[in-house]
Protein chains: 2
Amino acid sequence: MTTAPSPAPDLSAVPDAELLRLDHQVCFSLHAASRAFGGYYRQALKDLGLTYSQYLVMLVLWEQGPQSVKAIGERLHLDSGTLSPLLKRLETAGLVRRERSREDERSVVIDLTDEGAGLRERALSVPRGVLAATGLSLEEVLGLQEVLGRLTGALGESAAG
Amino acid sequence: MTTAPSPAPDLSAVPDAELLRLDHQVCFSLHAASRAFGGYYRQALKDLGLTYSQYLVMLVLWEQGPQSVKAIGERLHLDSGTLSPLLKRLETAGLVRRERSREDERSVVIDLTDEGAGLRERALSVPRGVLAATGLSLEEVLGLQEVLGRLTGALGESAAG
DNA sequence: CACAACTTAGTTGTGCACAACTCACTGGGG
DNA sequence: CCCCAGTGAGTTGTGCACAACTAAGTTGTG
(Lines give C-alpha, C1' and ligand atoms only; values in the text may rest on other atoms or scores of the structure.)
Protein backbone atom coordinates (compact mmCIF):
# COMPACT_ATOMS: atom_id res chain seq x y z
CA MET A 1 0.00 0.00 0.00
CA THR A 2 2.60 2.60 1.09
CA THR A 3 6.36 2.66 1.20
CA ALA A 4 6.75 -0.23 3.68
CA PRO A 5 10.50 -0.68 3.56
CA SER A 6 10.51 -3.45 6.16
CA PRO A 7 10.52 -6.87 4.58
CA ALA A 8 10.45 -8.48 8.02
CA PRO A 9 6.83 -9.12 9.02
CA ASP A 10 7.86 -10.10 12.53
CA LEU A 11 4.90 -12.35 13.03
CA SER A 12 6.72 -13.90 15.94
CA ALA A 13 6.11 -10.78 18.00
CA VAL A 14 2.34 -11.19 17.77
CA PRO A 15 0.68 -13.30 20.48
CA ASP A 16 -1.18 -16.49 19.58
CA ALA A 17 -4.63 -15.27 20.52
CA GLU A 18 -4.20 -12.17 18.39
CA LEU A 19 -3.13 -14.31 15.45
CA LEU A 20 -6.20 -16.47 15.88
CA ARG A 21 -8.31 -13.35 15.53
CA LEU A 22 -6.34 -12.15 12.54
CA ASP A 23 -6.52 -15.58 10.99
CA HIS A 24 -10.24 -15.47 11.38
CA GLN A 25 -10.28 -12.22 9.44
CA VAL A 26 -8.02 -13.37 6.62
CA CYS A 27 -9.61 -16.77 6.18
CA PHE A 28 -12.97 -15.26 6.24
CA SER A 29 -12.09 -12.39 3.87
CA LEU A 30 -10.71 -14.69 1.24
CA HIS A 31 -13.45 -17.26 1.60
CA ALA A 32 -16.16 -14.62 1.51
CA ALA A 33 -14.62 -12.74 -1.41
CA SER A 34 -14.30 -15.89 -3.43
CA ARG A 35 -17.91 -16.77 -2.78
CA ALA A 36 -19.13 -13.23 -3.44
CA PHE A 37 -17.36 -13.39 -6.78
CA GLY A 38 -18.97 -16.73 -7.43
CA GLY A 39 -22.36 -15.34 -6.54
CA TYR A 40 -22.01 -12.45 -8.92
CA TYR A 41 -20.99 -14.78 -11.72
CA ARG A 42 -23.84 -17.14 -10.96
CA GLN A 43 -26.16 -14.28 -11.86
CA ALA A 44 -24.17 -12.97 -14.80
CA LEU A 45 -23.68 -16.41 -16.32
CA LYS A 46 -27.21 -17.66 -15.85
CA ASP A 47 -28.16 -16.52 -19.35
CA LEU A 48 -25.24 -18.42 -20.80
CA GLY A 49 -26.16 -21.55 -18.89
CA LEU A 50 -22.70 -21.76 -17.34
CA THR A 51 -21.54 -22.11 -13.76
CA TYR A 52 -18.53 -20.21 -12.50
CA SER A 53 -16.20 -23.20 -12.83
CA GLN A 54 -17.56 -24.08 -16.23
CA TYR A 55 -16.88 -20.48 -17.27
CA LEU A 56 -13.26 -20.82 -16.14
CA VAL A 57 -12.89 -23.93 -18.26
CA MET A 58 -14.47 -22.20 -21.24
CA LEU A 59 -12.10 -19.25 -20.80
CA VAL A 60 -9.18 -21.65 -21.06
CA LEU A 61 -10.60 -23.25 -24.19
CA TRP A 62 -11.43 -19.90 -25.80
CA GLU A 63 -7.90 -18.68 -25.20
CA GLN A 64 -5.84 -21.80 -25.76
CA GLY A 65 -7.88 -23.96 -28.07
CA PRO A 66 -8.22 -27.77 -27.94
CA GLN A 67 -6.25 -29.48 -25.20
CA SER A 68 -6.21 -32.46 -22.90
CA VAL A 69 -8.02 -32.76 -19.60
CA LYS A 70 -4.65 -32.77 -17.91
CA ALA A 71 -3.63 -29.47 -19.54
CA ILE A 72 -6.85 -27.81 -18.45
CA GLY A 73 -6.34 -29.21 -14.98
CA GLU A 74 -2.83 -27.81 -14.73
CA ARG A 75 -3.98 -24.42 -15.89
CA LEU A 76 -6.81 -24.25 -13.33
CA HIS A 77 -5.23 -26.35 -10.58
CA LEU A 78 -8.06 -28.87 -10.81
CA ASP A 79 -7.87 -32.65 -10.93
CA SER A 80 -9.76 -35.18 -13.00
CA GLY A 81 -12.16 -35.82 -10.14
CA THR A 82 -13.47 -32.30 -10.60
CA LEU A 83 -13.00 -31.94 -14.34
CA SER A 84 -14.36 -35.24 -15.63
CA PRO A 85 -17.96 -34.71 -14.54
CA LEU A 86 -17.79 -30.99 -15.32
CA LEU A 87 -16.64 -31.66 -18.86
CA LYS A 88 -19.34 -34.28 -19.29
CA ARG A 89 -21.92 -31.64 -18.38
CA LEU A 90 -20.40 -29.24 -20.89
CA GLU A 91 -20.55 -32.02 -23.48
CA THR A 92 -24.19 -32.74 -22.65
CA ALA A 93 -24.86 -29.02 -23.04
CA GLY A 94 -23.36 -29.25 -26.52
CA LEU A 95 -20.51 -26.82 -25.84
CA VAL A 96 -17.53 -29.17 -26.09
CA ARG A 97 -16.50 -32.46 -27.65
CA ARG A 98 -14.44 -35.13 -25.88
CA GLU A 99 -12.23 -37.34 -27.99
CA ARG A 100 -9.55 -39.83 -27.12
CA SER A 101 -6.23 -38.69 -28.52
CA ARG A 102 -5.01 -40.86 -31.37
CA GLU A 103 -1.36 -40.46 -30.39
CA ASP A 104 -1.88 -41.26 -26.74
CA GLU A 105 -4.99 -43.22 -26.00
CA ARG A 106 -4.74 -42.31 -22.32
CA SER A 107 -5.52 -38.67 -22.87
CA VAL A 108 -8.80 -37.10 -23.88
CA VAL A 109 -8.74 -33.94 -25.96
CA ILE A 110 -11.42 -31.36 -25.26
CA ASP A 111 -12.50 -29.24 -28.19
CA LEU A 112 -15.12 -26.53 -28.57
CA THR A 113 -18.18 -27.17 -30.69
CA ASP A 114 -19.40 -24.34 -32.90
CA GLU A 115 -21.92 -23.55 -30.22
CA GLY A 116 -19.23 -23.47 -27.58
CA ALA A 117 -17.02 -21.23 -29.67
CA GLY A 118 -19.99 -18.98 -30.43
CA LEU A 119 -20.73 -18.53 -26.77
CA ARG A 120 -17.57 -16.45 -26.45
CA GLU A 121 -19.28 -13.53 -28.17
CA ARG A 122 -22.01 -13.46 -25.57
CA ALA A 123 -19.47 -13.87 -22.76
CA LEU A 124 -17.51 -10.80 -23.80
CA SER A 125 -19.93 -8.49 -22.03
CA VAL A 126 -19.65 -10.26 -18.70
CA PRO A 127 -16.23 -9.18 -17.41
CA ARG A 128 -16.90 -5.48 -17.79
CA GLY A 129 -19.89 -5.74 -15.51
CA VAL A 130 -18.01 -7.81 -12.99
CA LEU A 131 -14.98 -5.57 -12.80
CA ALA A 132 -17.24 -2.55 -12.48
CA ALA A 133 -19.20 -4.28 -9.72
CA THR A 134 -16.07 -4.88 -7.68
CA GLY A 135 -15.67 -1.15 -7.31
CA LEU A 136 -11.93 -1.59 -7.63
CA SER A 137 -9.67 0.41 -9.92
CA LEU A 138 -7.71 -1.32 -12.62
CA GLU A 139 -4.57 -0.78 -10.55
CA GLU A 140 -6.09 -2.35 -7.49
CA VAL A 141 -7.23 -5.31 -9.51
CA LEU A 142 -3.74 -5.83 -10.86
CA GLY A 143 -2.24 -5.43 -7.40
CA LEU A 144 -4.72 -7.85 -5.89
CA GLN A 145 -3.94 -10.36 -8.57
CA GLU A 146 -0.22 -10.08 -7.92
CA VAL A 147 -0.59 -10.64 -4.17
CA LEU A 148 -2.99 -13.53 -4.64
CA GLY A 149 -0.67 -15.12 -7.13
CA ARG A 150 2.21 -14.94 -4.68
CA LEU A 151 0.01 -16.29 -1.92
CA THR A 152 -1.15 -19.24 -3.99
CA GLY A 153 2.39 -19.97 -5.08
CA ALA A 154 3.73 -19.86 -1.54
CA LEU A 155 0.95 -22.04 -0.17
CA GLY A 156 1.43 -24.48 -3.02
CA GLU A 157 5.17 -24.66 -2.32
CA SER A 158 4.53 -25.19 1.33
CA ALA A 159 2.02 -27.94 0.66
CA ALA A 160 4.23 -29.66 -1.87
CA GLY A 161 7.39 -29.35 0.19
CA MET B 1 1.86 -1.56 -16.57
CA THR B 2 4.18 1.27 -15.43
CA THR B 3 3.77 4.19 -13.04
CA ALA B 4 0.20 4.99 -14.05
CA PRO B 5 -0.59 7.79 -11.61
CA SER B 6 -4.21 7.99 -12.75
CA PRO B 7 -6.68 7.10 -9.99
CA ALA B 8 -9.35 6.73 -12.66
CA PRO B 9 -9.58 3.05 -13.64
CA ASP B 10 -11.07 3.91 -17.01
CA LEU B 11 -12.18 0.41 -17.62
CA SER B 12 -14.22 1.66 -20.53
CA ALA B 13 -11.03 2.30 -22.49
CA VAL B 14 -10.04 -1.36 -22.35
CA PRO B 15 -11.32 -3.53 -25.20
CA ASP B 16 -13.65 -6.45 -24.49
CA ALA B 17 -11.23 -9.16 -25.47
CA GLU B 18 -8.58 -7.72 -23.18
CA LEU B 19 -11.06 -7.64 -20.33
CA LEU B 20 -11.94 -11.25 -20.94
CA ARG B 21 -8.28 -12.09 -20.50
CA LEU B 22 -7.99 -9.95 -17.39
CA ASP B 23 -11.16 -11.45 -16.03
CA HIS B 24 -9.69 -14.85 -16.52
CA GLN B 25 -6.71 -13.79 -14.42
CA VAL B 26 -8.71 -12.26 -11.59
CA CYS B 27 -11.31 -14.99 -11.37
CA PHE B 28 -8.66 -17.56 -11.47
CA SER B 29 -6.40 -15.83 -8.91
CA LEU B 30 -9.13 -15.50 -6.37
CA HIS B 31 -10.52 -18.96 -6.94
CA ALA B 32 -7.08 -20.53 -6.81
CA ALA B 33 -5.98 -18.56 -3.75
CA SER B 34 -9.10 -19.50 -1.87
CA ARG B 35 -8.58 -23.15 -2.70
CA ALA B 36 -4.87 -23.04 -1.91
CA PHE B 37 -5.77 -21.59 1.48
CA GLY B 38 -8.32 -24.34 1.92
CA GLY B 39 -5.77 -26.94 0.97
CA TYR B 40 -3.27 -25.69 3.51
CA TYR B 41 -5.90 -25.73 6.22
CA ARG B 42 -7.04 -29.19 5.26
CA GLN B 43 -3.56 -30.36 6.20
CA ALA B 44 -3.16 -28.18 9.26
CA LEU B 45 -6.60 -29.02 10.64
CA LYS B 46 -6.46 -32.73 10.00
CA ASP B 47 -5.16 -33.37 13.50
CA LEU B 48 -8.04 -31.40 14.97
CA GLY B 49 -10.56 -33.30 12.88
CA LEU B 50 -11.97 -30.09 11.44
CA THR B 51 -12.60 -28.97 7.89
CA TYR B 52 -11.89 -25.41 6.82
CA SER B 53 -15.53 -24.36 7.09
CA GLN B 54 -15.97 -26.10 10.40
CA TYR B 55 -12.90 -24.21 11.63
CA LEU B 56 -14.50 -20.92 10.59
CA VAL B 57 -17.61 -21.81 12.58
CA MET B 58 -15.51 -22.79 15.58
CA LEU B 59 -13.63 -19.49 15.35
CA VAL B 60 -16.94 -17.66 15.59
CA LEU B 61 -18.00 -19.70 18.60
CA TRP B 62 -14.65 -19.34 20.34
CA GLU B 63 -14.78 -15.58 19.91
CA GLN B 64 -18.43 -14.83 20.38
CA GLY B 65 -19.81 -17.63 22.53
CA PRO B 66 -23.22 -19.30 22.20
CA GLN B 67 -25.42 -17.97 19.45
CA SER B 68 -28.14 -18.90 17.01
CA VAL B 69 -27.63 -20.55 13.65
CA LYS B 70 -28.84 -17.34 12.08
CA ALA B 71 -26.20 -15.26 13.89
CA ILE B 72 -23.42 -17.60 12.78
CA GLY B 73 -24.79 -17.47 9.26
CA GLU B 74 -24.77 -13.69 9.18
CA ARG B 75 -21.23 -13.61 10.46
CA LEU B 76 -19.96 -16.04 7.84
CA HIS B 77 -22.40 -15.20 5.03
CA LEU B 78 -23.72 -18.76 5.06
CA ASP B 79 -27.31 -19.97 5.00
CA SER B 80 -29.04 -22.75 6.90
CA GLY B 81 -28.66 -25.08 3.95
CA THR B 82 -24.93 -25.05 4.53
CA LEU B 83 -24.88 -24.65 8.30
CA SER B 84 -27.48 -27.18 9.38
CA PRO B 85 -25.63 -30.26 8.18
CA LEU B 86 -22.26 -28.79 9.14
CA LEU B 87 -23.44 -28.14 12.70
CA LYS B 88 -24.89 -31.62 12.92
CA ARG B 89 -21.48 -33.01 12.04
CA LEU B 90 -19.87 -30.85 14.72
CA GLU B 91 -22.49 -32.13 17.16
CA THR B 92 -21.80 -35.72 16.19
CA ALA B 93 -18.09 -35.02 16.72
CA GLY B 94 -18.98 -33.86 20.23
CA LEU B 95 -17.75 -30.29 19.76
CA VAL B 96 -21.05 -28.38 20.00
CA ARG B 97 -24.53 -28.70 21.44
CA ARG B 98 -27.70 -27.68 19.58
CA GLU B 99 -30.65 -26.53 21.65
CA ARG B 100 -33.93 -24.89 20.74
CA SER B 101 -34.16 -21.46 22.29
CA ARG B 102 -36.72 -21.24 25.08
CA GLU B 103 -37.70 -17.65 24.21
CA ASP B 104 -38.14 -18.29 20.51
CA GLU B 105 -38.76 -21.88 19.59
CA ARG B 106 -37.86 -21.16 15.98
CA SER B 107 -34.21 -20.56 16.69
CA VAL B 108 -31.55 -23.05 17.67
CA VAL B 109 -28.71 -21.95 19.92
CA ILE B 110 -25.29 -23.47 19.25
CA ASP B 111 -23.03 -23.84 22.25
CA LEU B 112 -19.55 -25.29 22.66
CA THR B 113 -19.09 -28.47 24.65
CA ASP B 114 -16.08 -28.68 26.96
CA GLU B 115 -14.33 -30.62 24.25
CA GLY B 116 -15.17 -27.97 21.68
CA ALA B 117 -13.95 -25.17 23.95
CA GLY B 118 -10.82 -27.16 24.73
CA LEU B 119 -9.99 -27.52 21.05
CA ARG B 120 -9.20 -23.81 20.95
CA GLU B 121 -5.91 -24.43 22.74
CA ARG B 122 -4.78 -26.83 20.06
CA ALA B 123 -5.99 -24.48 17.32
CA LEU B 124 -3.86 -21.59 18.56
CA SER B 125 -0.77 -22.92 16.84
CA VAL B 126 -2.42 -23.17 13.43
CA PRO B 127 -2.60 -19.52 12.30
CA ARG B 128 1.09 -18.85 12.83
CA GLY B 129 1.99 -21.62 10.45
CA VAL B 130 -0.54 -20.48 7.90
CA LEU B 131 0.47 -16.85 7.92
CA ALA B 132 4.11 -17.86 7.67
CA ALA B 133 3.29 -20.19 4.77
CA THR B 134 1.66 -17.37 2.81
CA GLY B 135 5.02 -15.65 2.63
CA LEU B 136 3.25 -12.33 3.05
CA SER B 137 4.20 -9.63 5.50
CA LEU B 138 1.79 -8.55 8.18
CA GLU B 139 1.23 -5.33 6.27
CA GLU B 140 0.42 -7.15 3.07
CA VAL B 141 -2.01 -9.38 4.91
CA LEU B 142 -3.79 -6.39 6.34
CA GLY B 143 -3.84 -4.67 2.95
CA LEU B 144 -5.16 -7.78 1.26
CA GLN B 145 -7.86 -8.11 3.84
CA GLU B 146 -8.94 -4.51 3.31
CA VAL B 147 -9.20 -4.88 -0.46
CA LEU B 148 -11.03 -8.18 -0.20
CA GLY B 149 -13.45 -6.70 2.29
CA ARG B 150 -14.25 -3.85 -0.08
CA LEU B 151 -14.62 -6.27 -2.96
CA THR B 152 -17.02 -8.50 -1.05
CA GLY B 153 -19.02 -5.51 0.10
CA ALA B 154 -19.26 -4.07 -3.40
CA LEU B 155 -20.25 -7.38 -4.97
CA GLY B 156 -22.78 -7.94 -2.21
CA GLU B 157 -24.30 -4.50 -2.79
CA SER B 158 -24.41 -5.10 -6.49
CA ALA B 159 -26.11 -8.46 -6.02
CA ALA B 160 -28.59 -7.10 -3.50
CA GLY B 161 -29.35 -3.99 -5.51
C1' DC C 1 9.02 -59.79 -26.08
C1' DA C 2 7.51 -59.46 -21.05
C1' DC C 3 6.73 -56.94 -17.30
C1' DA C 4 6.98 -53.34 -13.91
C1' DA C 5 6.61 -48.30 -13.19
C1' DC C 6 4.36 -44.54 -14.56
C1' DT C 7 0.69 -41.62 -16.60
C1' DT C 8 -4.09 -40.16 -17.74
C1' DA C 9 -9.07 -40.34 -17.14
C1' DG C 10 -12.64 -41.71 -14.73
C1' DT C 11 -15.25 -43.35 -10.36
C1' DT C 12 -16.62 -43.21 -5.53
C1' DG C 13 -17.44 -41.07 -1.23
C1' DT C 14 -17.43 -36.97 1.79
C1' DG C 15 -18.20 -32.32 2.59
C1' DC C 16 -19.28 -27.43 1.21
C1' DA C 17 -22.32 -23.78 -1.38
C1' DC C 18 -26.57 -22.44 -2.72
C1' DA C 19 -31.38 -22.29 -4.71
C1' DA C 20 -35.86 -23.72 -3.77
C1' DC C 21 -38.67 -25.66 -0.82
C1' DT C 22 -41.12 -27.31 3.68
C1' DC C 23 -42.38 -26.93 8.48
C1' DA C 24 -42.91 -24.84 12.89
C1' DC C 25 -43.20 -20.91 15.45
C1' DT C 26 -44.02 -15.75 16.18
C1' DG C 27 -46.42 -11.53 16.25
C1' DG C 28 -49.70 -8.29 14.35
C1' DG C 29 -54.41 -6.97 12.43
C1' DG C 30 -59.09 -8.12 11.66
C1' DC D 1 -59.62 -15.30 19.16
C1' DC D 2 -58.16 -16.42 14.44
C1' DC D 3 -55.76 -15.93 10.44
C1' DC D 4 -51.78 -14.59 7.96
C1' DA D 5 -47.42 -12.55 6.73
C1' DG D 6 -42.88 -13.02 8.26
C1' DT D 7 -38.95 -15.55 10.30
C1' DG D 8 -35.65 -19.43 11.57
C1' DA D 9 -34.15 -24.00 10.86
C1' DG D 10 -34.09 -27.90 8.19
C1' DT D 11 -34.45 -30.77 3.70
C1' DT D 12 -33.67 -31.77 -1.16
C1' DG D 13 -31.27 -31.52 -5.38
C1' DT D 14 -27.37 -29.85 -8.21
C1' DG D 15 -22.75 -28.79 -8.78
C1' DC D 16 -17.85 -28.09 -7.21
C1' DA D 17 -13.44 -29.71 -4.55
C1' DC D 18 -10.67 -33.23 -3.30
C1' DA D 19 -8.83 -37.73 -1.44
C1' DA D 20 -8.49 -42.38 -2.60
C1' DC D 21 -9.09 -45.57 -5.77
C1' DT D 22 -9.59 -48.17 -10.45
C1' DA D 23 -8.85 -49.01 -15.34
C1' DA D 24 -6.50 -48.49 -19.45
C1' DG D 25 -2.63 -47.07 -22.05
C1' DT D 26 2.49 -45.99 -22.42
C1' DT D 27 7.35 -46.50 -21.75
C1' DG D 28 11.64 -48.19 -20.19
C1' DT D 29 14.44 -52.23 -18.95
C1' DG D 30 15.93 -56.82 -18.63
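First the proteins, then the strands, lettered A, B, ... as listed; each starts at 1. This one's a predicted model, so the numbers in the text were calculated from it and none came from an experiment.
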Atom pair distance, as rounded to whole Å: OH in B:Y52 and P in D:dC18: 12 Å

Closest nucleotide among C:dC25, D:dA17, C:dA17 to the A:R35 side chain: C:dA17

Note, B:L136 side chain near A:R150 side chain (heavy atom, < 4.5 Å): yes

Spacing of B:Q54 atom CD relative to C:dA17 atom C1', expressed in whole Å: 14 Å

Rounded distance (Å) that lies between atom P of C:dC18 and atom CZ of A:F37: 15 Å

B:E103 CD - D:dA9 P separation (whole Å): 13 Å

B:R97: partners by side-chain contact (heavy atoms from CB on, under 4.5 Å), with sequence neighbours left out: B:E99, B:D111, B:T113

Contacts of B:S84 that satisfy side-chain contact (heavy atoms from CB on, under 4.5 Å) - sequence neighbours left out: B:S80

Length of the CG-C1' vector between A:D79 and D:dC21, whole Å: 12 Å

Letter per nucleotide, 5' to 3', of nucleotides 4-14 of chain C [B base touched, S only sugar-phosphate touched, - untouched; heavy atoms, 4.0 Å]: ---BSBBB---

Under 4.0 angstrom between B:S53 side-chain N/O and C:dA17 OP1 or OP2: yes

Short side-chain N/O contact to C:dA17 OP1/OP2 from A:H31, under 4.0 Å: yes

For D:dC4, the Watson-Crick or wobble counterpart (both distances under 3.5 Å): C:dG27

Residues B:E91 and B:R98 bridged, charged N to O under 4.0 Å: yes

Criterion ring pair (Phe, Tyr, Trp, His ring centres under 6.0 Å) on A:H77 and B:F28, from CA distance to verdict: CA-CA 9 Å; A:H77 298 187; B:F28 169 72; 5.5 Å; yes

5' precedence on DNA chain D between A:H77 and A:R102 (nearest-nucleotide basis): A:H77

Nearest-angstrom distance from the residue atom CG of B:L76 to P of D:dA9: 14 Å

For the student: nearest non-hydrogen atoms of A:Y52 and A:G38, plus distance: CD2-CA, 4.0 Å

A:L112 backbone acceptor or donor facing A:W62 side chain under 3.5 Å: no

A:L78 CG to D:dC18 P, straight-line distance once rounded to whole Å: 7 Å

Nearest-angstrom distance from the residue atom CG of A:L50 to C1' of D:dG15: 13 Å

